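These numbers come from a predicted model, not from an experiment. Here, residue 1 is the first one in the sequence, and each next residue gets the next number.
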Amino acid sequence: MTTSSHPTPALPFALAAYDDPAALARALAAHVAEALRARVARDGSASLAVSGGRTPTRFFETLSGAPLDWSRITVTLVDERWVPETSDRSNAALVRRHLLKGPAAAARFVPLFTGAPTPEEGLAGAEAAVAALRAPFAAVVLGMGDDGHTASFFPGAQALAAAIDPAGTARLIAVRAEAAGEPRITFTLPPLISADLLLLHIEGATKRAVLERAAAGGNGADLPIRAVLANAPRPLDVLWCP
């Protein structure tokens with residue numbers, strides 16, 4: 001593993017590079033477990049927000065075996081496609097299958113999909129569900145697409161400006177974007193960047209190049225990950241492998 005910093009005048013991030021996905025998953029799980037353990041020791045409980053997609057599966061499998069007091073930990077999603085858990089596109093189903101097993105089966109899980117016909121109609125119910133989460137998050141693990149989206153902050157999304165507003169007061173927002181496929185619901189920028197530990201998990205040369213382009217210039221609408229880089233209270237910790 002090698003560690004380097006890539007500062008720009010305003011948008012630094014700290015990159016930890018690993019040889020392969022397995023080594024990255026072990027390191028990521030260790031960082032997250034440490035943050036959860038510290039928050040439980042301090043406050044008696046902790047909350048964790050994770051991302052979906054294909055990239056975090058190995059991380060979930062590794063974290064599920066961590067020796068934590070999982071009964072004091074609540075897991076939720078950074079964002080979710082507005083589909084039921086019977087869909088193979090459901091992030092909640094992914095989390096249940098790969099993370100909430102073994103020791104981690106004792107954790108409480110708060111999904112974002114409510115069963116309402118649309119995310120707009122389900123927003124109030126989802127807000128009520130996440131209101132009980134211990135805030136701020138002990139840890140948030142973000143992912144990033146080749147288009148620079150993170151969470152459901154997609155370029156061209158109808159609600160993008162509100163979703164990445166650092167002064168916004170909403171915790172969740174409904175998102176519709178052509179690139180997103182299904183309508184989605186996502187945590188907004190403020191609750192994500194206020195986490196004790198904020199991590200970005202990316203793999204492959206393409207995503208590293210996108211991140212470096214976002215750090216070098218442009219705006220949050222072109223490459224939404226830049227909103228995280230620009231507004232996080234400290235340089236974003238990035239875990240990457242080729």
Colleague: Only one of Asp165, Thr186, Leu189 passes side-chain contact (heavy atoms from CB on, under 4.5 Å) with Ile173; say which it is.
Modeller: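 Result: among Asp165, Thr186, Leu189, Thr186 is the only option passing the side-chain contact (heavy atoms from CB on, under 4.5 Å) with Ile173.
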Colleague: Taking the side chain as C-beta and beyond, is there a heavy-atom pair between Pro119 and Arg176 under 4.5 Å?
Modeller: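 In short, these two side chains touch, coming nearer than 4.5 Å.
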Colleague: Any side-chain heavy-atom pair from Leu160 and Ile164 closer than 4.5 angstrom?
Modeller: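 Yes - at least one pair of side-chain heavy atoms lies under 4.5 Å apart.
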Colleague: Does the side chain to side chain contact (heavy atoms under 4.5 Å, CB included) test come out yes or no for Val50 and Val78, once each step is laid out?
Modeller: CA-CA 5 Å; Val50 297; Val78 167; 5.8 Å; no
Colleague: Write down the atom of Ala126, the atom of Thr114, and the distance for their closest heavy-atom approach.
Modeller: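 Closest approach of Ala126 to Thr114: N-CG2, 3.6 Å.
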Colleague: Would you say the side-chain atoms of Ser51 pair up with the backbone N or O of Val141, donor to acceptor, closer than 3.5 Å?
Modeller: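 Between the backbone of Val141 and the side chain of Ser51 there is a qualifying donor-acceptor contact (under 3.5 Å).
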Colleague: Are Phe153 and Leu192 close enough, and set up right, to give a side chain to side chain contact (heavy atoms under 4.5 Å, CB included), and what steps lead you there?
Modeller: CA-CA 12 Å; Phe153 307 157; Leu192 297 178; 4.0 Å; yes
Colleague: Indicate, with yes or no, if Leu94 and Val83 share a hydrophobic cluster defined by side-chain heavy-atom contacts under 4.5 Å among Ile, Leu, Val, Met, Phe, Trp and Tyr.
Modeller: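 No; Leu94 is not reachable from Val83 via cluster members.
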Colleague: Could you give me the CA-CA distance, side-chain angles and deciding distance for His31 and Leu239, then say whether side chain to side chain contact (heavy atoms under 4.5 Å, CB included) is met?
Modeller: CA-CA 10 Å; His31 286 307; Leu239 285 79; 4.0 Å; yes
Colleague: Under 3.5 Å, is there a donor-acceptor pair between the side chain of Arg39 and the main chain of Pro136?
Modeller: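 Yes; at least one donor-acceptor contact below 3.5 Å.
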Colleague: Does a side-chain heavy-atom distance below 4.5 Å link Leu15 with Arg208?
Modeller: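 Leu15 reaches Arg208 side chain to side chain.
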Colleague: Is there a side chain to side chain contact (heavy atoms under 4.5 Å, CB included) between Val210 and Leu223? Walk through the geometry before answering.
Modeller: CA-CA 8 Å; Val210 170; Leu223 293 169; 4.2 Å; yes
Colleague: Are side-chain N/O atoms of Ser45 and Asp43 paired as donor and acceptor at under 3.5 Å?
Modeller: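 Per modelled atom types, Ser45 and Asp43 side chains form no pair under 3.5 Å.
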Colleague: Measuring only between side-chain heavy atoms, which start at C-beta, is Phe13 closer than 4.5 Å to Glu212?
Modeller: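 Counting from C-beta outward, Phe13 and Glu212 do come under 4.5 Å.
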Colleague: Check for a donor-acceptor pair, side chain of Thr150 on one end and backbone N or O of Gly143 on the other, with a separation under 3.5 Å.
Modeller: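 Pair found, side chain donor or acceptor close to backbone of Gly143.
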Colleague: Go through the side-chain N and O atoms of Asp79 and Ser152 and say whether any donor and acceptor fall under 3.5 Å apart.
Modeller: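 A donor-acceptor contact under 3.5 Å links the two side chains.
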Colleague: Charged N to carboxylate O below 4.0 Å: is that the case for Glu80 and Arg184?
Modeller: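 Judged by the 4.0 Å cut-off on N to carboxylate O distance, Glu80 and Arg184 do not form a salt bridge.
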Colleague: Should Met144 and His149 count as side-chain neighbours, where that means a heavy-atom distance under 4.5 Å?
Modeller: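 Met144 does not reach His149 side chain to side chain.
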Colleague: Backbone N or O of Val110 within a donor-acceptor pair of the Thr76 side chain at under 3.5 Å?
Modeller: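 Yes, because the side chain of Thr76 sits within donor-acceptor range (under 3.5 Å) of the backbone of Val110.
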Colleague: In terms of ring plane angle, is the pair Phe59 and His201 parallel, tilted or perpendicular, where the classes change at 30° and 60°?
Modeller: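 Aromatic pair Phe59/His201 classed perpendicular.
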Colleague: Between Asn231 (side chain only) and Ala227 (backbone N and O only), is there a donor and an acceptor less than 3.5 Å apart?
Modeller: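 It does hold such a pair.
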Colleague: State whether the number of non-hydrogen atoms from other residues, nucleotides or ligands found under 6.0 Å of Glu120 atom CD is greater than 12.
Modeller: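 Count over threshold, so yes.
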Colleague: Would you call Glu203 and Lys207 a salt bridge, using N to O less than 4.0 angstrom?
Modeller: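 Judged by the 4.0 Å cut-off on N to carboxylate O distance, Glu203 and Lys207 do not form a salt bridge.
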Colleague: Do Val175 and Leu172 sit in the same hydrophobic cluster, where Ile, Leu, Val, Met, Phe, Trp and Tyr count as joined when their side-chain heavy atoms come under 4.5 Å apart?
Modeller: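 No, it is not one cluster - the side chains of Val175 and Leu172 are not joined through contacts under 4.5 Å.
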Colleague: To the nearest 0.5 Å, what is the distance between CG on Leu229 and CG on Leu211?
Modeller: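 The distance works out to 6.0 Å.
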Colleague: Is a donor on one side and an acceptor on the other found under 3.5 Å between the side chain of Arg72 and the backbone of Gly44?
Modeller: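 At least one qualifying donor-acceptor pair exists.
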Colleague: Ignoring hydrogens, what is the shortest heavy-atom contact between Pro67 and Arg37? Give both atom names and the distance.
Modeller: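 Looking at all heavy atoms of both residues, the shortest contact is O-NH2, 3.6 Å.
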Colleague: Keeping the roles fixed (side chain from Trp240, backbone from Gly204), state whether a donor-acceptor pair exists under 3.5 Å.
Modeller: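 At least one qualifying donor-acceptor pair exists.
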Colleague: So which heavy atom on Ala35 is nearest to which on Ala139, and how close?
Modeller: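 Nearest heavy atoms, Ala35 then Ala139: CB-CB, 4.3 Å.
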Colleague: Okay, side chain of Thr62, backbone of Arg58: is any donor-acceptor separation there less than 3.5 Å?
Modeller: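 The answer is yes, because a donor-acceptor pair under 3.5 Å joins these two groups.
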Colleague: Any heavy-atom pair between the side chains of Leu200 and Asp237 that's under 4.5 Å?
Modeller: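 Not in contact.
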Colleague: Compare every heavy atom of Ala131 with every heavy atom of Arg171, then report the nearest pair and how far apart it is.
Modeller: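 Here Arg171 and Ala131 meet closest at NH1-CA, 3.3 Å.
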Colleague: Sub-3.5 Å donor-acceptor pair from the side chain of Trp82 to the main-chain atoms of Ala174, do we have one?
Modeller: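 Side chain of Trp82 to backbone of Ala174: no pair is present.
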Colleague: Looking at every heavy atom in both Pro103 and Ala66, which two are closest together, and how far apart are they?
Modeller: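 Distance-wise, the nearest heavy atoms are CB-O, 4.0 Å.
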Colleague: Taking atom CG of Leu48 and atom CD1 of Ile73, what is their separation to the nearest 0.5 Å?
Modeller: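 Taking CG in Leu48 and CD1 in Ile73, the distance rounds to 8.0 Å.
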Colleague: Can you check whether Phe113 reaches Pro84 side chain to side chain, under 4.5 Å on heavy atoms?
Modeller: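 The answer is yes, as the side chains (C-beta and beyond) meet within the 4.5 Å cut-off.
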Colleague: CG of Leu197 to CD of Glu34: how many Å apart, nearest 0.5 Å?
Modeller: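 Leu197 atom CG to Glu34 atom CD measures 8.5 Å (nearest 0.5 Å).
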Colleague: If I compare all heavy atoms of Leu36 with all of Ala138, which pair ends up nearest, and what's the gap?
Modeller: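 Looks like CD2-CB, 3.9 Å.
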Colleague: Starting from the C-alpha separation in whole Å, work towards a yes-or-no answer on ring-ring contact (aromatic ring centres under 6.0 Å, His included) for Phe187 and Phe137.
Modeller: CA-CA 12 Å; Phe187 273 93; Phe137 288 115; 5.4 Å; yes
Colleague: Rounded to the nearest 0.5 Å, what separates atom CD1 in Ile225 from atom CG in Leu142?
Modeller: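 These two atoms lie 6.0 Å from each other.
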Colleague: Calculate, to the nearest 0.5 Å, the distance between atoms CG and NE2 belonging to Leu100 and His98 respectively.
Modeller: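 It is 11.5 Å, given to the nearest 0.5 Å.
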Colleague: For Ser64 and Glu61, which I'm curious about, is there any donor-acceptor pair between the side chains at under 3.5 Å?
Modeller: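 Result is no, nothing qualifies.
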Colleague: When rounded to the nearest 0.5 angstrom, what is the spacing between CG in Asp222 and CZ in Arg213?
Modeller: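 Going from CG on Asp222 over to CZ on Arg213, the span is 9.5 Å.
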Colleague: Ignoring hydrogens and geometry, is there a side-chain-to-backbone donor-acceptor pair from Arg134 to Ser47 under 3.5 Å?
Modeller: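 No, because the side chain of Arg134 does not come within donor-acceptor range (under 3.5 Å) of the backbone of Ser47.
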Colleague: Is it true that, when you exclude Arg234 itself, more than 12 heavy atoms of the residues, nucleotides or ligands shown sit nearer than 6.0 Å to its CZ?
Modeller: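 More than 12 heavy atoms, drawn from other residues, nucleotides or ligands, come within 6.0 Å of this atom.
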